[in-house]
Each structure stands twice: as structure tokens, then as C-alpha cells.
**Student:** 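Quick one: the structure is below, and I'll ask about it shortly.
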Amino acid sequence: MRFRPAVEDDLDRLLGCVVDESISWSHPDRLLSFLESGAYRFDRIWLAEAEPGGEIMARAVWWGFPGTDRPLALDCLYVAPSVISLTDRVGLAADLLGRAHAAYGEAPAYHVFLSSGWRDDPRASAAIAWRWEAAGRAGLTDELERLRYEWTPADAPVPEPSDRLVFREDDDDEAFVAAFMRVAVGTLDHHTRQALTGMGPEAQAREDVGDYRSMPGERAWWRLAFDKAGELVGVALPSANNAGPVVGYLGVVPEQRGHGYVDDLLAEITRFHAGRGVQRIVADTDTGNVPMARAFERAGYRNFAIRLVLSASPVNT
Ligand SMILES: CC(C)(COP(=O)(O)OP(=O)(O)OC[C@H]1O[C@@H](n2cnc3c(N)ncnc32)[C@H](O)[C@@H]1OP(=O)(O)O)[C@@H](O)C(=O)NCCC(=O)NCCS
């Protein structure tokens with residue numbers, strides 16, 4: 001078996017890889033549009049072939065911000081239907097991921113989108129089971145479930161403006177770096193906690209601000225929130241990804257928590273997008289971030305799916 005990153009000449013064969021299982025995958029429309037936008041790149045797609053130019057036996061597709069070199073997340077793991085034995089599927093997929101990780105010098109997390117009741121759905125469970133095992137063998141041993149929420153005007157009315165907070169723009173990124181650092185203290189968000197142990201508060205805040213800047217949402221949408229006394233309460237960043245408008249990020253500084261300000265921040269983001277005529281807003285939060293999940297539910301956001309994130313344990317990276 002030969003493992004290698006794809007090149008442009010592979011396009012037709014890459015488009016011929018079809019995942020006929022109950023799981024998210026890089027289908028031809030997604031592949032073409034993401035290759036066009038730069039979110040996918042040929043050198044961030046790896047394939048396994050038995051002989052040069054022959055059938056693609058396995059394919060792994062990573063996603064990244066356009067214009068950056070780092071692959072951020074594994075988006076799709078495919079093994080040809082002709083590989084029938086589960087042991088062979090797992091082995092082949094694990095080998096492919098292992099080769100790519102070695103070339104990248106890191107093991108990006110695998111993000112899988114599943115329906116909320118996937119554990120009770122034999123097709124969805126089977127589709128994730130062999131991939132989960134392969135990802136684990138390739139070092140992605142930590143698992144995290146995130147709840148995916150959506151808001152539409154049909155689900156819930158557009159909220160009223162907050163009567164206790166004032167929202168301000170600030171074109172100085174340093175103001176957001178400082179606010180992100182404060183908001184990250186005591187966070188229940190798994191990714192932020194992991195990043196804080198790895199790199200410390202200021203570097204973590206800068207990386208986050210940089211990541212939100214790389215998203216398709218506009219920087220001018222970001223807001224700082226203050227109470228009537230002029231004290232900082234938190235941040236509210238409406239944003240967008242390739243699929244459309246998202247909540248982006250919001251947070252309350254530790255000394256202001258427990259007053260339900262999360263509702264005011266989320267309402268501001270919802271109002272902002274609705275005011276632009278947006279018909280669907282999507283958001284994710286960890287199952288363990290209970291105050292955030294409750295706020296989405298109070299605001300009429302509907303849990304429509306799960307994002308399963310399989311990542312390398314920080315002790316192994
Ligand atoms: C999630 C968050 C915005 C909630 O803000 P909030 O305005 O304090 O939320 P609520 O007032 O509804 O809090 C409800 C309860 O949860 C508690 N709580 C809120 N955040 C908490 C935290 N990080 N850790 C422990 N408890 C927390 C509150 O104290 C309150 O408890 P009480 O009912 O006993 O008084 C806030 O925790 C935060 O900024 N976290 C860091 C950033 C984050 O996770 N953002 C979401 C990313 S998707």
C-alpha cells in the first residue's frame with residue numbers, strides 16, 4: 001500500500017470516494033467548494049492506493065483556515081467498500097492517519113457530526129465505531145461531545161435589547177485579548193482549558209483572537225459588554241463559518257458570573273444576526289458547559305446534532 005498526500009491530478013478519483021454510511025463526510029459538493037475556498041487543499045488530503053493510479057483504498061480529508069498551512073481538523077475518513085473486514089478497515093485507516101500525522105508533525109482532532117440519538121441508531125453507531133478505533137490507534141484518544149444548537153425565527157422570537165448592558169465595538173485587538181484572558185478564567189470549555197495548560201493565558205487568548213479573526217465572520221461585528229457602572233461584563237462575538245452564521249464566542253468575566261448575563265450576551269448575538277436578515281444561526285458548546293447549554297435552551301436554540309471531537313491527549317502531544 002502506498003500512502004501519500006493528494007495532488008490535483010487525483011481530483012476525479014477523490015470525487016469518486018463515496019461514504020454510504022450514516023456519518024458526516026466530504027461529499028463531492030463539499031470537496032469542490034472547500035478546495036475552491038482554500039479550506040481544503042490537495043496537500044491536506046491523504047490517500048492510500050494499492051498501485052499508482054489505481055483505486056483509492058482510503059482517503060482522509062483535513063480542514064484548515066484558507067491561507068494557513070496548519071490542518072485544523074480531520075473532516076472525513078473513508079475506506080473503500082471493497083475492504084470488507086473491519087480489522088482491515090481499522091488498520092488501513094489508522095496507518096493512513098499515522099503517516100499524515102508524521103508528515104504534519106501533529107495530530108489534528110477528528111470532528112464527526114452525528115444526530116443527537118446516534119447511540120440508539122445502529123447505522124450511525126457502526127459508522128463511527130471503526131473510525132473511532134482507527135483514530136484512537138493513530139493517537140486521537142481523547143473524546144469530547146459537543147451539543148450543536150440552531151436558532152431560526154420560526155423556533156423563537158428575536159430577543160429584545162438588554163436593559164442592563166451596553167455593547168461597544170473596539171477596533172483594538174488588544175482590548176479583546178485582555179477580555180478573552182479574563183473570560184477564560186474558570187471556563188468549563190474543554191478546548192480552552194486544554195490550551196491554557198499547554199500555553200498559558202496570554203498566548204491562549206491571542207490564539208483565540210487570531211482564530212476568530214480567520215473566520216469568515218466580520219471583525220467589525222465583535223462587541224465588548226459593560227454594565228451600567230462601566231465595568232466589563234464580557235464579550236459577544238457574532239461570527240460565521242463556511243456553512244453560515246454562528247454564535248461565535250461569548251463569555252462573562254468571573255466576578256460577574258451567576259447573574260444570568262449570559263442571556264443578555266446571547267440575545268445580543270441573536271439580535272445582531274437577525275437584524276442582518278439571517279434565517280439560521282448555529283452554535284456549539286461542550287456537554288459539560290452546563291450554564292452555556294442552559295442559556296441556549298432558554299433562548300429558544302434547538303439541539304439538533306452532536307459534534308464528537310476525538311483528539312490527542314495533551315500528555316501525548
Ligand atoms: C458560560 C458562561 C458565559 C455563563 O455565564 P453566566 O452569566 O455566569 O451564567 P449564569 O448566570 O446563567 O450561571 C448559571 C449558574 O452557573 C454558574 N456558573 C457560570 N459559569 C460558571 C463557570 N465557569 N464555572 C462554574 N459555575 C459557573 C453560575 O455561578 C450560576 O450558578 P448559581 O445558579 O448557583 O448562581 C460563563 O461561565 C463563561 O463566561 N464561561 C467561559 C466562556 C465560555 O465557556 N463561553 C461559552 C463558550 S461556547
Side-chain angles (χ1 to χ4, degrees), residues 72-73 109 111 113 144-151 159 161-167 175-197 199-202 204-213 215 217 221-229 231-241 243 245-273 281-309 311:
L72 275 188
H111 289 231
F113 298 92
L144 171 72
E145 267 193 35
R146 286 171 65 79
L147 301 166
R148 308 211 72 207
Y149 286 98
E150 67 175 349
W151 178 93
S162 169
D163 56 7
R164 52 184 185 160
L165 297 185
V166 177
F167 292 90
F176 282 95
V177 169
F180 271 49
M181 274 174 72
R182 289 176 63 188
V183 161
V185 175
T187 181
L188 299 170
D189 181 78
H190 176 83
H191 177 76
T192 310
R193 289 164 75 111
Q194 230 182 32
L196 282 171
T197 55
M199 64 177 87
E202 189 179 331
Q204 189 278 328
R206 281 190 194 287
E207 185 175 271
D208 257 13
V209 167
D211 284 349
Y212 283 104
R213 256 188 169 283
M215 291 177 69
W221 299 347
W222 298 10
R223 296 288 182 273
L224 294 171
F226 298 89
D227 63 15
K228 290 273 162 66
E231 296 296 329
L232 181 74
V233 168
V235 293
L237 275 72
S239 191
N241 62 23
V246 296
V247 165
Y249 187 62
L250 63 86
V252 173
V253 297
E255 57 276 23
Q256 303 265 24
R257 286 185 190 150
H259 303 298
Y261 283 133
V262 63
D263 294 342
D264 303 56
L265 299 177
L266 181 56
E268 184 64 15
I269 291 173
T270 310
R271 272 170 49 73
F272 176 81
H273 278 317
I281 309 169
V282 174
D284 277 15
T285 197
D286 296 357
T287 42
N289 200 342
V290 175
M292 193 62 241
R294 291 217 172 111
F296 282 126
E297 275 150 31
R298 282 194 299 272
Y301 279 69
R302 196 175 61 86
N303 173 217
F304 71 99
I306 298 286
R307 181 198 293 253
L308 178 68
V309 183
S311 60

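Whatever order the structure lists ligands and atoms in, that order sets their numbers, starting from 1.
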**Student:** Atom CZ in Phe176, atom CE in Met181: separation rounded to 0.5 Å?
**Tutor:** 15.5 Å

**Student:** Does Arg307 have more than 12 heavy atoms from other residues, nucleotides or ligands lying within 6.0 Å of its CZ?
**Tutor:** yes

**Student:** Flag the pair Arg294 and Asp263 as a salt bridge only when some basic side-chain nitrogen lies within less than 4.0 angstrom of an acidic carboxylate oxygen.
**Tutor:** no

**Student:** Does the residue Gly186 have a heavy-atom contact with ligand 1, meaning some pair of atoms that are separated by less than 4.0 Å?
**Tutor:** yes

**Student:** Tell me whether atom 12 (O) of ligand 1 lies less than 4.0 Å from at least one protein heavy-atom position.
**Tutor:** yes

**Student:** Got Tyr301 and Leu266 here, is their nearest side-chain heavy-atom distance under 4.5 Å?
**Tutor:** yes

**Student:** Under 4.5 Å between any side-chain heavy atoms of Phe304 and Val282, yes or no?
**Tutor:** yes

**Student:** Is there side-chain contact between Leu147 and Phe296, with at least one heavy-atom pair below 4.5 Å?
**Tutor:** no

**Student:** Where do Leu165 and Asp227 come nearest, in terms of heavy atoms and distance?
**Tutor:** CD2-CA, 4.0 Å

**Student:** At under 4.0 Å between heavy atoms, which part of Arg298 makes contact with ligand 1: side chain, backbone, both or neither?
**Tutor:** side chain

**Student:** Give the atoms of ligand 1, by number and element, whose distance to some non-hydrogen atom of Asp284 is under 4.0 Å.
**Tutor:** 48 (S)

**Student:** Establish whether atom 18 (N) of ligand 1 and some protein heavy atom are separated by less than 4.0 angstrom.
**Tutor:** yes

**Student:** Please state which part of His259 comes within less than 4.0 Å of ligand 1, counting heavy atoms only: side chain, backbone, both or neither.
**Tutor:** backbone

**Student:** Pick whichever of Leu250, Leu188, Val183 has a heavy atom sitting closest to atom 43 (C) of ligand 1.
**Tutor:** Leu250

**Student:** For ligand 1, which atoms sit closer than 4.0 Å to a heavy atom of Gly251?
**Tutor:** 39 (O)

**Student:** What do you think, any protein heavy atom under 4.0 angstrom from atom 48 (S) of ligand 1?
**Tutor:** yes

**Student:** Is it the case that the ring center of Phe272 lies less than 6.0 angstrom away from the ring center of Phe167?
**Tutor:** no

**Student:** With heavy atoms only and a cut-off of under 4.0 Å, state how Asp263 meets ligand 1: side chain, backbone, both or neither.
**Tutor:** neither

**Student:** Hey, looking at atom 6 (P) of ligand 1, which of Gly288, Ala295, Pro291, Gly258 has the closest heavy atom?
**Tutor:** Gly258

**Student:** Among all protein heavy atoms, pick the one closest to atom 39 (O) of ligand 1 and tell me residue, atom and distance.
**Tutor:** Val252 N, 2.6 Å

**Student:** Which atoms of ligand 1 are found less than 4.0 Å from any heavy atom of Tyr261?
**Tutor:** 7 (O)

**Student:** Answer yes if a protein heavy atom lies under 4.0 Å from atom 15 (C) of ligand 1, otherwise answer no.
**Tutor:** no

**Student:** May I ask you to identify the nearest protein heavy atom to atom 20 (N) of ligand 1, giving residue, atom name and distance to one decimal place in Å?
**Tutor:** Arg257 CD, 3.5 Å

**Student:** Is any side-chain heavy atom of Asp211 closer than 4.5 Å to a side-chain heavy atom of Met215?
**Tutor:** no

**Student:** Just checking His190: does its NE2 atom have more than 12 heavy atoms from other residues, nucleotides or ligands closer to it than 6.0 angstrom?
**Tutor:** yes

**Student:** Measure from the side-chain N and O atoms of Asp208 to the backbone N and O of Gly210, and report whether any donor-acceptor pair falls under 3.5 Å.
**Tutor:** no

**Student:** For atom 41 (C) of ligand 1, which of the options Thr187, Asp264, Val253 provides the nearest non-hydrogen atom?
**Tutor:** Thr187

**Student:** Tell me, which protein residue and heavy-atom name are nearest atom 9 (O) of ligand 1, and how many Å apart are they?
**Tutor:** Val262 CG1, 3.4 Å

**Student:** Can you check whether Met292 has an N/O within less than 3.5 Å of an N/O in ligand 1?
**Tutor:** no

**Student:** Is there at least one protein heavy-atom neighbour under 4.0 Å from atom 31 (O) of ligand 1?
**Tutor:** no

**Student:** In terms of relative ring orientation, are Phe180 and Tyr249 parallel, tilted or perpendicular, with 30° and 60° separating the classes?
**Tutor:** tilted

**Student:** Could you measure the distance from the OG1 atom of Thr192 to the CG atom of Asp286? Nearest 0.5 Å is fine.
**Tutor:** 8.0 Å

**Student:** Given Asp189, Asn289, Val290, Leu266, identify the one with the heavy atom nearest to atom 44 (O) of ligand 1.
**Tutor:** Asn289

**Student:** What atoms of ligand 1 come closer than 4.0 angstrom to any heavy atom of Thr285?
**Tutor:** 48 (S)

